[in-house]
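Note that the coordinates shown come from a computational prediction; the quantities given were computed from them, not determined experimentally.
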Amino acid sequence: MKKNLFYAALILLTVLLIAAEFFNKTAEKSLFAFDTVVEISVRGRECKKALEECENEIKRLDDELGVNGSGILRQYNENGASDRELDFLIERALSVSRETDGAFDVTMYPVTVLWGFTKNEKHVPDDGKIREALSACGYEKLLTGGAKVDFGAAAKGYAADRLVKILEKYHVKDALISIGGTVTVWSRVADVAVRSPDGEGYAAVIECENTVLSTSGGYERYFEEDGKSYVHIIDPKSGRPAESGIVSATVVTEDGFLSDALSTAFFVMGEEDAKAYLKEHSDVQAILITGDKMVVSSGLKIKNTDEKYTIEVLD
Ligand code: ADP
Ligand code: MG
């Protein structure tokens, strides 16, 4: 009898151990890359391996795609070298540029440098210098390799897409990843807050599920001169910091690259053109903040908004 009890206990213990092994664990990591804070939280049996590979991938992409990295983008800008990944990204960038009438343009680097955004020597340059810098830009030049490239407005979104591949590989149960203003909600539901463009707190809280949310705002990287502020997002038509009236553009869509790139494009395009784009692309949702107004795609699940905004729902 005692022997039977012993065996029963042993079987129970084995079952519990197997169940524990199957039980999904959580692994979390915070690191600095892409000039911003990256936070990764994954849940699943192989969460540690998945997390480690995500971290390595982030570091690899930061180096490969950063203008100051030591990877392929640097080589492309110096001597035209490329590889499959860069060709793919240039192709995608070209397509977003065409779809946004050039508001998104990864060849603005000479202009960004001129305004001092890259070296923290921000200042208003003179008109002649702006025209000169602009003549070296233009997304059409990507077709002939005739322009320098800066993926600052889409690399974080692309990184989000790459990390999802790793999550799939390790059968991760669910994950939450933020790379600066680009947040991936994978295989779960999460409330994501959109920061208030003029100070503390949030402008809106969105319930997200299986999607990527990116916000572009002029409130984080900007400078002031003679009482006027200048943001780090350039209007490719003028070679000057964007002044479209939009102070914060959030784009929610499954594709990370597109989410990141479009949030920058909308910031440049302004309310009317961004709305026109949204009307034609039902798979893309957005929140556009212009002064006291917030334009919200009807497909978004908004949990909360700052009372000071008048809400306009976009069908
Ligand atoms: P964040 O700085 O939060 O990543 P964005 O995603 O909007 O914000 O990217 C802004 C960066 O993209 C700039 O710092 C610059 O490197 C680059 N950039 C500036 N203007 C444009 C533009 N019109 N299209 C594409 N990239 C741009
Ligand atoms: Mg962007």
Is the shortest distance from a Lys or Arg side-chain nitrogen in [X] or [Y] to a carboxylate oxygen in the other one below 4.0 Å?
X: Glu209; Y: Arg188; result: no
X: Lys29; Y: Glu52; result: no
X: Arg195; Y: Glu200; result: no
X: Lys228; Y: Glu243; result: yes
X: Arg60; Y: Glu57; result: yes
X: Asp101; Y: Lys237; result: yes
X: Lys275; Y: Glu312; result: yes
X: Lys308; Y: Asp198; result: yes
X: Asp191; Y: Lys303; result: yes

How far apart are the closest heavy atoms of [X] and [Y], and which atoms are they?
X: Gly270; Y: Ile246; value: C-CD1, 3.5 Å
X: Gly239; Y: Val111; value: O-CG1, 3.3 Å
X: Tyr219; Y: Ser248; value: CE2-CB, 4.2 Å
X: Met108; Y: Pro236; value: CE-CB, 3.5 Å
X: Leu86; Y: Phe151; value: CD1-CE1, 3.5 Å
X: Ala159; Y: Ile179; value: CB-CD1, 3.9 Å

Practice problem: Take Asp35 and Lys156 through the salt bridge (Lys or Arg N to Asp or Glu O under 4.0 Å) test and state the conclusion after the steps. | Solution: CA-CA 10 Å; Asp35 216 11; Lys156 296 192 273 297; over 6 Å; no
Quiz item: Can you list the steps and then say if Glu64 with Leu73 is a side chain to side chain contact (heavy atoms under 4.5 Å, CB included)?
Solution: CA-CA 6 Å; Glu64 287 290 343; Leu73 188 73; over 6 Å; no
Quiz item: When Ile, Leu, Val, Met, Phe, Trp and Tyr are grouped by side-chain heavy atoms lying under 4.5 Å apart, directly or through other members, which residues fall in the same group as Val37?
Solution: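 Taking Ile, Leu, Val, Met, Phe, Trp and Tyr as members, Val37 shares its hydrophobic cluster with Phe32.
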Could you check whether any side-chain heavy atom of [X] comes within less than 4.5 Å of a side-chain heavy atom of [Y], counting everything from C-beta outward?
X: Leu89; Y: Leu65; value: yes
X: Tyr109; Y: Val149; value: no
X: Leu262; Y: Thr264; value: no
X: Glu46; Y: Glu53; value: no
X: Leu213; Y: Thr182; value: no
X: Leu314; Y: Ser298; value: no
X: Val164; Y: Asp161; value: no
X: Arg221; Y: Val231; value: no

Exercise. Using side-chain contact (heavy atoms from CB on, under 4.5 Å) as the criterion, point out the one residue from Leu176, Asp174, Val172 that pairs with Arg43.
Key: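 Result: among Leu176, Asp174, Val172, Asp174 is the only option passing the side-chain contact (heavy atoms from CB on, under 4.5 Å) with Arg43.
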Assess, by modelled atom type and distance only, whether the side chains of [X] and [Y] contain a donor and an acceptor separated by less than 3.5 Å.
X: Thr107; Y: Asp105; result: yes
X: Ser259; Y: Ser214; result: yes
X: Thr253; Y: Asp283; result: no
X: Tyr277; Y: Glu272; result: no
X: Glu225; Y: Tyr230; result: no

Path from [X] to [Y] over hydrophobic side-chain contacts below 4.5 Å:
X: Ile287; Y: Val192; result: yes
X: Val67; Y: Ile233; result: yes
X: Val185; Y: Ile166; result: no
X: Leu51; Y: Leu31; result: yes

Self-check item: Full working for side chain to side chain contact (heavy atoms under 4.5 Å, CB included) between Ser263 and Thr250
Solution: CA-CA 6 Å; Ser263 66; Thr250 295; over 6 Å; no
More than 12 foreign heavy atoms under 6.0 Å from [atom1] of [X]: is that the case here?
X: Phe223; atom1: CZ; result: yes
X: Lys141; atom1: NZ; result: yes
X: Glu254; atom1: CD; result: no
X: Lys48; atom1: NZ; result: no

Practice problem: Would you please classify the geometry between the Phe104 ring and the Phe257 ring as parallel, tilted or perpendicular, with 30° and 60° separating the classes? | Solution: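 Ring orientation, 0 to 90° scale: perpendicular.
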Quiz prompt | salt bridge (charged side-chain N to carboxylate O under 4.0 Å, His left out) partner of Arg240, the single match among Asp127, Asp126, Asp235 | solution =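 Passing option: Asp127.
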Quiz item: Between Ile206 and Val194, does a side chain to side chain contact (heavy atoms under 4.5 Å, CB included) hold up when you go through it step by step?
Solution: CA-CA 8 Å; Ile206 312 173; Val194 174; 3.9 Å; yes
Between [atom1] on residue [X] and [atom2] on residue [Y], distance to nearest 0.5 Å:
X: His123; Y: Phe117; atom1: NE2; atom2: CZ; answer: 10.0 Å
X: Asn68; Y: Asp150; atom1: CG; atom2: CG; answer: 9.5 Å
X: Asp255; Y: Tyr158; atom1: CG; atom2: OH; answer: 11.0 Å

Practice problem: Determine, step by step, whether Val313 and Ile311 satisfy the side chain to side chain contact (heavy atoms under 4.5 Å, CB included) criterion, reporting the C-alpha distance in whole Å, the side-chain angles of both residues, the deciding distance to 0.1 Å, and the verdict. | Solution: CA-CA 6 Å; Val313 178; Ile311 312 288; 4.3 Å; yes
